[in-house]
Engineer: 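For reference, the structure I am asking about is given below.
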Amino acid sequence: MVYSESVIELIKKRTSVRTYAKRPIEGSKFKAMSAFLDENTDNPFGAHVRFALINSKDAPKKPGTYGFIKGAGTYFAGCVKKGGRDMEGFGFAFEKAVLYATELGLGTCWLGGTFRKSAFIRAMEPNDEYLPAVSPLGYAADKKSVVEQAMAAGAGARNRKSQSKLFFDKMIGVPLDEPDGAVKMCLEMVRIGPSASNKQPWRIVRFDGKYHFYLKTNKMYTGNKLFGFCMQRIDMGIAACHFYLAARELGVDGDISFDGPLLLTNGDISTGLTYSFTWG
Ligand SMILES: Cc1cc2nc3c(=O)[nH]c(=O)nc-3n(C[C@H](O)[C@H](O)[C@H](O)COP(=O)(O)O)c2cc1C
């Protein structure tokens with residue numbers, strides 16, 4: 001396991017931090033994060049991911065976030081080669097790094113929309129790659145900025161849909177009353193994860209002893225229209241990351257594959273549901 005703490009505890013602890021203290025990141029933590037980013041780009045989706053740590057003061061162009069993030073002097077950013085399951089793989093690897101930062105006691109915040117791409121493009125020089133997201137990195141300030149307070153109140157950032165709206169038995173719409181043993185915890189780790197605009201687009205159907213993951217795309221969501229890729233596919237990678245790491249920690253057998261049965265009805269498909277991956 002890549003973490004020394006329980007990953008389940010890290011997933012529970014993680015929350016978006018948008019206001020940072022002046023306290024600098026210690027050299028040892030900076031090095032540890034940098035090494036983690038270099039060594040942990042692997043993912044079960046076969047995506048080619050790379051990361052960089054960016055210090056605002058050394059960057060060729062100062063990173064900006066339209067005022068959404070206050071006080072951060074450091075960011076990490078990621079690129080992924082275009083094609084295949086690029087966004088899912090990116091989401092998986094980036095979330096692994098977010099959880100490692102959590103273990104180091106550092107705050108993060110996934111930013112897929114509210115960051116100035118140009119500064120990060122200058123720093124990372126993508127080549128046939130997307131630069132889908134970045135995150136500030138640092139110590140959380142004691143007091144949240146006005147923007148952060150407003151976001152927390154407005155978007156209900158800590159709210160999550162109930163299990164019965166997300167996890168199903170044999171078909172979409174029939175709540176899964178009894179997940180198998182430790183899988184219950186793995187599903188809970190998916191449920192409490194971060195997602196773009198907190199839309200929680202993951203839907204999971206247990207069928208034939210396997211768990212099939214679907215994306216409920218929101219066609220009106222601007223994040224899916226603005227950047228040339230579907231932002232919510234990143235959320236599926238985050239779901240995979242949480243389920244996979246929790247399953248490994250709890251000794252739940254299985255792996256990620258892409259051979260799910262055809263379970264969706266035409267009605268399901270018309271609501272924006274598409275198959276993503278299978279655990280089993
Ligand atoms: C793919 C992705 C993109 C996101 N983009 C932004 C963003 O551009 N700006 C922002 O302030 N938060 C962004 N977020 C953070 C979410 O709003 C946040 O995770 C969600 O509201 C849940 O809150 P929590 O992280 O505190 O649990 C993004 C999250 C994800 C997963």
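Atoms within a ligand are numbered from 1 in the order they appear, just like the ligands themselves.
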Engineer: Against ligand 1, does Gln232 come closer than 4.0 Å with any heavy atom?
Structural biologist: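 Heavy atoms of Gln232 never come under 4.0 Å of ligand 1.
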
Engineer: If you measure only the distance, is there a donor-acceptor pair under 3.5 Å linking the side chains of Tyr244 and Asn43?
Structural biologist: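 Absent: no donor and acceptor within the cut-off.
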
Engineer: Can Glu95 be said to touch ligand 1, with heavy atoms closer than 4.0 Å?
Structural biologist: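 False for this residue.
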
Engineer: Just by distance, no angles: are the side chains of Glu249 and Ser6 close enough, under 3.5 Å, to form a donor-acceptor pair?
Structural biologist: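 There is such a pair between these side chains.
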
Engineer: Using only heavy-atom distances, determine whether the side chains of Asn198 and Arg160 contain a donor-acceptor pair under 3.5 Å.
Structural biologist: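 Short answer, yes.
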
Engineer: Taking the non-hydrogen atoms of Arg160, is any one of them nearer than 4.0 angstrom to ligand 1?
Structural biologist: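 Judged by the 4.0 Å heavy-atom criterion, Arg160 does count as contacting ligand 1.
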
Engineer: Relative to atom 7 (C) of ligand 1, which among Asn198, Thr114, Val147, Ile192 owns the nearest non-hydrogen atom?
Structural biologist: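 That would be Thr114.
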
Engineer: Can you find an N or O of Ile234 that's nearer than 3.5 Å to an N or O of ligand 1?
Structural biologist: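 No, no N or O pair falls under 3.5 Å.
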
Engineer: Pick, from Phe68, Trp110, Phe94, Phe115, the option with the minimum heavy-atom distance to atom 4 (C) of ligand 1.
Structural biologist: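 Answer by nearest heavy atom: Trp110.
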
Engineer: Between the side chains of Tyr3 and Lys96, does any donor sit under 3.5 Å from an acceptor?
Structural biologist: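 Side-chain D/A pair, Tyr3 to Lys96: absent.
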
Engineer: Hey, looking at atom 20 (C) of ligand 1, which of Cys109, Gly237, Ser195, Pro194 has the closest heavy atom?
Structural biologist: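 Considering heavy atoms of Cys109, Gly237, Ser195, Pro194, the nearest to atom 20 (C) of ligand 1 sits in Ser195.
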
Engineer: Strictly by modelled atom types, are Lys61 and Ser118 linked by a side-chain donor-acceptor pair under 3.5 Å?
Structural biologist: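 Yes - a donor-acceptor pair under 3.5 Å links their side chains.
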
Engineer: With sequence neighbours excluded, what pairs up with Ser257 under the side-chain hydrogen bond (donor to acceptor under 3.5 Å, both in side chains) test?
Structural biologist: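 side-chain hydrogen bond (donor to acceptor under 3.5 Å, both in side chains) check on Ser257 returns Asp259.
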
